[in-house]
*Asks:* 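Supplied in structure tokens, the structure appears directly below.
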Amino acid sequence: MKSQKSIYLFIFLTLLISQSCETFELELDNPIDTIANEEADVFPPALTLYPLTIEASVNEQFTVSLFIVKPDTTLAGIHARLYYDVSNMVPDTITPGILFTNDGVVTPLFTNDISEGQIDINVFYLGDQFSYVDQTGHVADIYFSALTASTSDITIDSTESELVTPADQVIPLKGVRGSTVIIQ
Amino acid sequence: MQKLVFVIIFISVSFSYADEIIGSLAILNFQESSVISNDKFKEYSRGIDDISKMDNITILDSIQIVEALNTLDYTKNIHELFNSPDDAGKLGKYLHVDYLMMGNVNLDSIGFHLSSKIISSRSSSVVSVIDVYLEDVFSLISLESQIAMWELLGKNTPGFLKQERINALPKNGELIVEAKTPLGAMWRSAVLPGWGQFYSEKRNTGIAFPSLEGLLASLLLYNVSKYNTSVENMNKFSSLYHSSTNEEDIINYRNGSKMYWKQHIDANNAMILLAKSAGVIWAINAIHAYMIAPRPKANLYGPDPPDSPSIIKSVSEFLSE
């Protein structure tokens with residue numbers, strides 16, 4: 001009886017240890033995180049899309065958010081050019097994020113232009129507003145509708161996109177990160 | 001460091017094992033109960049004196065035996081000790097000897113019966129017995145007279161008479177075999193640490209091994225719990241990190257995730273180390289049980305005294321001399 005108990009205890013401990021001996025890799029990759037971006041060779045100031053991977057069903061709507069990461073200087077405006085696969089998705093609406101609107105307090109100039117597979121977003125403070133932003137933040141939300149089952153990327157054009165200071169100086173963009181859309 | 005610990009453990013175990021190789025024997029000498037007459041007593045005493053010269057042998061007389069038994073609160077007749085191996089074992093432990101040897105003469109249905117035993121102090125079991133019936137000795141005298149006739153006639157003694165002489169002589173004592181065996185101790189300790197040590201009546205190590213295993217098991221369980229909590233928190237923080245779009249929150253969740261990730265690695269390493277240590281100690285405990293278990297001694301009596309026969313010599317050899 002004593003030996004039976006000890007065998008059960010031994011089996012229990014063995015199972016417990018074998019289950020517990022698993023270690024996990026920590027994957028921290030948020031496109032708004034400067035450290036994660038640097039690990040992915042994306043250096044600030046950067047324009048990134050959040051989230052990195054989107055899963056959607058056909059005819060379902062999904063949202064991609066545009067972020068500016070660590071401008072480390074005053075910004076009066078942003079121009080971002082995005083590319084997407086027209087055969088797989090179609091943009092519905094584009095709305096400004098909370099960074100330039102200061103959560104609805106300020107009204108910047110916000111325009112967008114959608115053409116075949118390309119989206120241009122412009123957010124600018126008008127001259128008389130004399131406002132600027134200088135931190136990581138949410139620039140815009142783009143609402144898409146999924147068309148066909150596929151996997152494609154939404155990318156940001158680093159050469160065509162630009163950041164502008166209140167003095168109308170262009171700050172070079174050092175990094176961009178797009179999103180992968182998986183439509184099922 | 002680990003090597004040093006192993007060397008210390010090995011040396012300690014070796015010493016405890018080495019201590020077991022040579023045995024000691026106490027002979028209980030109940031002179032007043034002997035059937036030997038006063039005239040023959042001198043011869044008997046001379047034999048006892050020779051034996052007493054041997055290194056590992058102590059001879060106790062009735063007074064000493066009674067004194068020892070009184071200390072042990074033994075209330076029965078001292079002659080009953082012969083048929084009570086448990087009490088004999090306690091006496092052996094009290095006297096710090098490995099074995100006790102004692103003899104007894106009874107009158108049973110066959111006749112006078114001399115019985116001698118060796119009892120192990122450790123296991124309180126009879127490890128060797130020799131029985132001699134007086135009837136056999138009388139038969140031997142008759143047989144010897146027949147052999148003497150052939151020798152008086154100057155003829156060769158017939159083979160069957162020689163064979164009968166061999167058959168009639170009392171046989172050697174049984175080999176010393178312990179009731180408790182090293183393998184018995186080992187499997188017990190392999191099943192439950194310390195059990196084999198208790199079986200071998202080594203209470204200190206019998207307590208030490210399970211205590212050590214219990215301590216390691218407690219630390220192991222503590223680390224299992226810590227590991228599970230860390231994994232749970234790591235997943236929670238990692239999920240918050242990935243779902244957050246606030247820079248400050250992201251930094252906090254990143255730091256939290258990293259902290260719990262490190263904790264789960266540390267807990268996991270501690271678990272592996274503790275499990276290995278517990279396994280090694282479990283194995284050492286089983287080997288230790290095997291080493292310290294009762295086993296027949298290689299040399300019960302020490303070097304032979306000069307001009308004295310070994311006490312292990314069989315009765316048949318004594319009689320044939």
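Chain A is the first sequence line, chain B the second, and so forth, proteins listed ahead of strands; every chain is numbered from 1. Treat the numbers as computed from the prediction; the structure is a model and nothing was measured.
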*Asks:* Look at atom CG of B/Asn70 and say whether more than 12 heavy atoms of other residues, nucleotides or ligands are closer to it than 6.0 Å.
*Replies:* yes

*Asks:* Is B/Lys258 atom NZ crowded by more than 12 heavy atoms from other residues, nucleotides or ligands, each under 6.0 Å away?
*Replies:* no

*Asks:* side-chain contact (heavy atoms from CB on, under 4.5 Å) between A/Ser65 and B/Thr245: does it pass, once the steps are laid out?
*Replies:* CA-CA 10 Å; A/Ser65 302; B/Thr245 55; over 6 Å; no

*Asks:* Relative to chain B, which segment of A/Phe24 carries a heavy atom at a distance below 4.5 Å: side chain, backbone, both, or neither?
*Replies:* both

*Asks:* Quick one: of A/Thr136, A/Leu28, A/Leu52, who has the most non-hydrogen atom pairs under 4.5 Å with chain B?
*Replies:* A/Leu28

*Asks:* Mark yes or no for whether B/His242, through its side chain, and A/Glu27, through its backbone, hold a donor-acceptor pair below 3.5 Å.
*Replies:* yes

*Asks:* Just wondering, more than 12 heavy atoms not from A/Glu60 lying within 6.0 Å of its CD?
*Replies:* yes

*Asks:* Using 0.5 Å steps for rounding, measure from the CG atom of B/Asn246 to the NE2 atom of A/His138.
*Replies:* 12.5 Å

*Asks:* Count the heavy atoms of every other residue, nucleotide or ligand shown that sit under 6.0 Å from NZ of B/Lys90, and state whether that count exceeds 12.
*Replies:* no

*Asks:* Only heavy atoms, only distances under 4.5 angstrom. Which residues in residues 29-47 of chain A are near chain B?
*Replies:* A/Asp29, A/Asn30, A/Ile32, A/Asp33, A/Thr34, A/Ile35, A/Ala36, A/Glu39

